[in-house]
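Working notes for the structure below.
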Amino acid sequence: MKVITEAILRDELRNEQPETYYIPEGKILSPAAREYLQQRKIKISKDPAPKIVATEVPPMPSVDLPQQPQVAEAFRPKFVDHETGAFYMEKPEHMTHLHGNVLVPKNHPRILFRGKLDSLQGLIVLDQVQIAANGNEKLVADLGSILAVLREMMRCDVLDEPFANELIIGFTHEELRARSHDPMKYYNVQPMILPDYTMGLEYALLNQLRAAVRETEVAASTAFRDGLKCTRKDIIEELNRLSSAVHIMMCRYLAGEYK
């Protein structure tokens with residue numbers, strides 16, 4: 001099923017302000033595209049697919065139409081301002097890509113979120129280097145599972161695509177939630193254990209990672225907030241489950257499962 005993105009809508013509705021946008025059959029709106037229509041106060045409805053009655057149309061006489069002037073390719077605008085709709089021939093230095101050729105200021109909440117997401121991935125790779133030096137391959141592998149989820153999340157955000165993921169470190173979302181809320185039942189570990197340097201380097205790295213995931217989740221909540229609505233519940237939910245996954249890894253570490 002083809003996804004209609006915000007960039008497609010901006011191009012299609014550049015000079016129009018319809019009362020209702022009809023979604024063609026076999027297509028769906030991306031979350032950002034739906035948000036864009038809501039911001040412009042355009043109603044959303046499924047394509048009514050009107051029936052076409054075939055009639056015979058007499059042939060039209062051939063008419064020589066005047067040639068339309070063509071706009072030189074060099075003068076076509078290359079970039080569009082997400083907030084104002086303005087066109088740019090060159091990308092301003094203070095702006096960056098939201099998606100496609102759509103630009104936003106570099107301090108836009110979506111870009112700040114991507115920065116947090118990028119830093120989080122860098123932190124995981126650094127943790128893997130340090131933990132691999134101690135020979136803990138199982139812990140390195142679980143960190144790799146989280147890294148793969150974050151990379152897919154970044155891809156879906158940049159391409160304005162829906163995000164979906166079933167497993168993190170081998171658990172479903174429901175299993176992660178259950179284990180995170182009752183570590184005593186699953187790992188014989190008391191909940192809410194405050195980190196201490198005596199617990200070791202690997203545990204300290206996991207705790208730092210847990211806090212970084214939380215910071216990224218807060219940045220996402222700001223980036224995808226439209227009034228009282230959340231426009232990317234898929235990403236927010238996944239970040240919440242990722243923090244649960246890191247918490248579970250900390251509990252498994254204390255339970256000796258990574259030895």
Side-chain angles (χ1 to χ4, degrees), residues 1-7 23 27-39 44 98-99 104 108-125 127 141-183 185-187 189 191-192 206-252:
M1 184 172 290
K2 187 174 181 181
V3 178
I4 301 175
T5 66
E6 180 184 351
I23 305 174
K27 297 184 179 181
I28 60 173
L29 291 175
S30 72
R34 186 173 296 274
E35 176 188 3
Y36 173 70
L37 291 174
Q38 292 171 346
Q39 289 176 345
I44 302 172
L98 181 61
H99 51 75
V104 291
H108 188 278
R110 289 276 293 277
I111 305 306
L112 294 175
F113 160 66
R114 290 177 189 174
K116 285 287 187 180
L117 201 56
D118 191 20
S119 296
L120 183 56
Q121 293 176 54
L123 180 62
I124 292 177
V125 173
D127 288 350
D142 276 354
L143 288 173
S145 171
I146 293 178
L147 181 62
V149 173
L150 293 173
R151 286 173 172 170
E152 175 64 10
M153 184 182 295
M154 177 75 87
R155 189 191 71 82
C156 289
D157 178 41
V158 172
L159 297 181
D160 192 23
E161 294 181 357
F163 175 84
N165 180 64
E166 298 295 330
L167 297 175
I168 308 175
I169 61 172
F171 298 118
T172 65
H173 283 197
E174 291 74 18
E175 290 170 336
L176 287 170
R177 184 179 180 87
R179 284 162 172 75
S180 179
H181 281 70
D182 194 355
K185 174 182 177 181
Y186 292 95
Y187 305 109
V189 172
M192 302 301 292
L206 288 174
N207 181 62
Q208 182 187 35
L209 178 59
R210 178 197 57 79
V213 173
R214 283 296 191 187
E215 290 180 353
T216 307
E217 183 182 359
V218 172
S221 297
T222 301
F224 300 118
R225 177 66 59 180
D226 180 18
L228 298 177
K229 297 180 181 179
C230 176
T231 60
R232 290 301 301 259
K233 293 181 180 179
D234 50 353
I235 289 179
I236 300 296
E237 178 183 345
E238 190 71 8
L239 285 168
N240 190 275
R241 294 300 175 267
L242 281 171
S243 65
S244 296
V246 180
H247 176 224
I248 289 170
M249 291 170 67
M250 295 171 69
C251 293
R252 294 174 69 183

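- Arg114 has its side chain within reach of Val158: a pair of non-hydrogen atoms, C-beta onward, lies under 4.5 Å apart.
- A distance of 11.0 Å separates OH of Tyr187 from CE of Met249, quoted to the nearest 0.5 Å.
- The line from CD1 of Ile4 to CG of Asp160 is 11.5 Å long, rounded to the nearest 0.5 Å.
- No donor-acceptor pair under 3.5 Å is formed between the side chain of Asp142 and the backbone N or O of Ile169.
- Using a cut-off of 4.0 Å between Lys/Arg side-chain N and Asp/Glu carboxylate O, Arg177 and Glu174 are scored as not salt-bridged.
- Once rounded to the nearest 0.5 Å, the distance linking OG1 of Thr5 with CD of Glu161 reads 9.0 Å.
- Judged by distance alone, with hydrogens and angles left aside, the side-chain atoms of Thr231 form a donor-acceptor pair with the main-chain N or O of Phe224 at under 3.5 Å.
- Between Arg155 and Glu152 a salt bridge is recorded (basic side-chain N to carboxylate O distance below 4.0 Å).
- Rounded to the nearest 0.5 angstrom, Arg225 CZ and Ile236 CD1 are separated by 8.0 Å.
- Between the Asn165 side chain and the Leu167 main chain, a donor and an acceptor come within less than 3.5 Å of each other.
- Interatomic distance, CG of Leu176 versus CD1 of Ile168, reported as 5.5 Å (0.5 Å rounding).
- The closest side-chain heavy-atom distance from Asn207 to Val246 is not below 4.5 Å.
- The shortest non-hydrogen separation linking Ile248 to Phe171 is CG2-CE1, 4.4 Å.
- Between Leu206 atom CG and Arg252 atom CZ the span is 11.0 Å, to the nearest 0.5 Å.
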